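Just so you know, ligand 1 is whichever comes first in the structure, and atom 1 is the first atom listed for that ligand. Predicted model only: the values in this text are computed from it and were never measured.
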Amino acid sequence: MQPLMERITGALAAVRNPRTGADVMAADMVRDIATTVDGKVRLTLLLAAQDDATLVRDVRQAIEALAGVSDVRVDVRDPAQTEPTPARRAPTSAPPAMNQPQAPATGGMGRALPVMDAAPKAPPKVPEPVAYPQLGRIIAVSSGKGGVGKSTVAVNLAVALAKMGKRVGIMDADIYGPNLPLMLGVDAAPAVVDEKIIPLEAYGIKVMSIGFLIEKEQPAIWRGPIVMKILTQFLKDVAWGQLDYFLVDMPPGTGDAQLSLVQATQVHGAVIVTTPQQVSVGDALRGVKMFERTAVPVLGIVENMSYFENPETGKPIAVFGTGGGARLATETNLPLIGQVPLDPRIQEGGDTGRPIVDAEPTSRAAKELEAIAQRVVERLVSIYGN
Ligand SMILES: Nc1ncnc2c1ncn2[C@@H]1O[C@H](COP(=O)(O)OP(=O)(O)OP(=O)(O)O)[C@@H](O)[C@H]1O
């Protein structure tokens, strides 16, 4: 058999970039191929904003198919932010420490930090927002900080809307921690038919996640232009069909993805998720302001993990303080459209791919989430009509 390195470069020479027609080796899109004696392969793929993100998967699959390969990691970089090399670097044999992560430590936050945090040299061109009428009303579900239950709320709102007979799509734009595959129990490489990506389906909703495309267990290094690229591709190149509501599970904070989304299309409304604690409320306030600055109407505030229902008395116990959602609503003059209790079944359902609105429809949490979906619809109708 040929040496592994030669077989890798041979396999990559058969992976074509549909945008340019050239293979990824000839186009100099592959850097730093490294292998270990036990068949681990690591490489860097230079993916421009205009390139098809499914190339990452194609590259990985081409290498996985080779005999003797036990593990493949593809690090994605934006060529605009990568130092040009005068000549293509020769493939290197892997040093023994090859498998050590290259990204900075996460500082115990359980979330990988981006490895490419250098500012782009030239300001990126701001694209004109494009309308996607087939997606129906586009709703961003956002939070100021991570871990407040934004994805949980987004997923359950989507399922609740579907139970109301609406046609619903959901995508995540969370490059650092796409949660939808786990929460909805779907995780497969979506099929591509006639150059359109076919979304996966769960609980009557159509689903597309960055998690279906990017490498698992490796730091997300997609930044600025790549986020924009993925968002646009999900809006434009996914065969969503005609929808009534399209939910976007945003990454926490007020960064690239939020701006990219509002630059990519008209967002009809935002739902801001917070917990009752003051610190969470402060972050959420910044989120509200960001949407207001970009002329996206905030439909309302959802306070999650509001209270724990005492199983014996049925009385609420404030676990994370009280009143945060109401305070934020007063400060921003926005409606508080729901208070979702802390319920261990929400977490279990999130981990096993069964949203509580489907799994425990009679629970107080599920009923509240359904009521929130109803209020979101009413708010949208009051702003845009039917
Ligand atoms: N009301 C709730 N009761 C119990 N557990 C909850 C509740 N809401 C969310 N959780 C759990 O809290 C964790 C964080 O929720 P989730 O992933 O939805 O938050 P997030 O704000 O989207 O986080 P991230 O910043 O990672 O995207 C999950 O394990 C989820 O199941």
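In terms of N/O distances under 3.5 Å, ligand 1 is approached by Gly147. Polar contact check, Asp249 against ligand 1: no nitrogen or oxygen pair lies under 3.5 Å apart. In terms of polar-atom proximity, Lys145 is not counted as a contact of ligand 1, lacking any N or O under 3.5 Å from an N or O of the ligand. At under 3.5 Å, not a single nitrogen or oxygen of Val340, backbone or side chain, sits near a nitrogen or oxygen of ligand 1. Not a single N or O atom of Met183, backbone or side chain, sits closer than 3.5 Å to an N or O atom of ligand 1. For ligand 1, none of its N or O atoms has an N or O atom of Ser143 under 3.5 Å away.
Using modelled atom types, one finds no donor on one side chain facing an acceptor on the other under 3.5 Å when comparing Asp172 with Asn179.
With rounding to the nearest 0.5 Å, the separation of CG in Leu342 from CG in Asn304 is 8.0 Å. For the atom pair CD1 of Ile205 and CG of Leu184, the computed distance is 5.0 Å after rounding to the nearest 0.5 Å.
Remark: the backbone N or O of Lys236 is paired with a side-chain donor or acceptor of Lys196 at under 3.5 angstrom.
No side-chain heavy atom of Val302 sits less than 4.5 Å from a side-chain heavy atom of Leu157.
When each atom of ligand 1 is checked for a heavy atom of Gly146 under 4.0 Å away, the hits are 25 (O). Residue-ligand proximity, Leu342 to ligand 1, at heavy-atom distances under 4.0 Å covers atoms 1 (N), 3 (N), 4 (C). Interface atoms of ligand 1 facing Ser151, defined by a heavy-atom separation under 4.0 Å, are 18 (O), 20 (P), 22 (O), 27 (O).
Using a non-hydrogen distance threshold of 4.0 Å, Gly350 does not register as a contact of ligand 1.
Pairing each heavy atom of Val207 with each of Ala202, the nearest pair is CG2-N, 4.3 Å.
Hydrophobic clustering keeps Ile170 apart from Ile198 (ILVMFWY residues linked when any side-chain heavy atoms are closer than 4.5 Å, directly or through intermediates).
Only backbone heavy atoms of Pro341 (N, CA, C or O) come within less than 4.0 Å of ligand 1; its side chain stays farther off. When heavy-atom distances to ligand 1 are checked against a 4.0 Å cut-off, Asp343 comes that close only through its backbone atoms N, CA, C and O.
Atom 6 (C) of ligand 1 has its nearest heavy-atom neighbour, among Val155, Ile346, Asp351, in Ile346.
Residues satisfying the side chain to side chain contact (heavy atoms under 4.5 Å, CB included) criterion with Asn310, sequence neighbours excluded, are Glu312, Thr313, Ile317.
For residues 242-251, the set of pairs meeting the side chain to side chain donor-acceptor pair (under 3.5 Å) definition, not counting sequence neighbours, comprises Lys150-Asp249, Ser151-Asp249, Arg167-Asp244.
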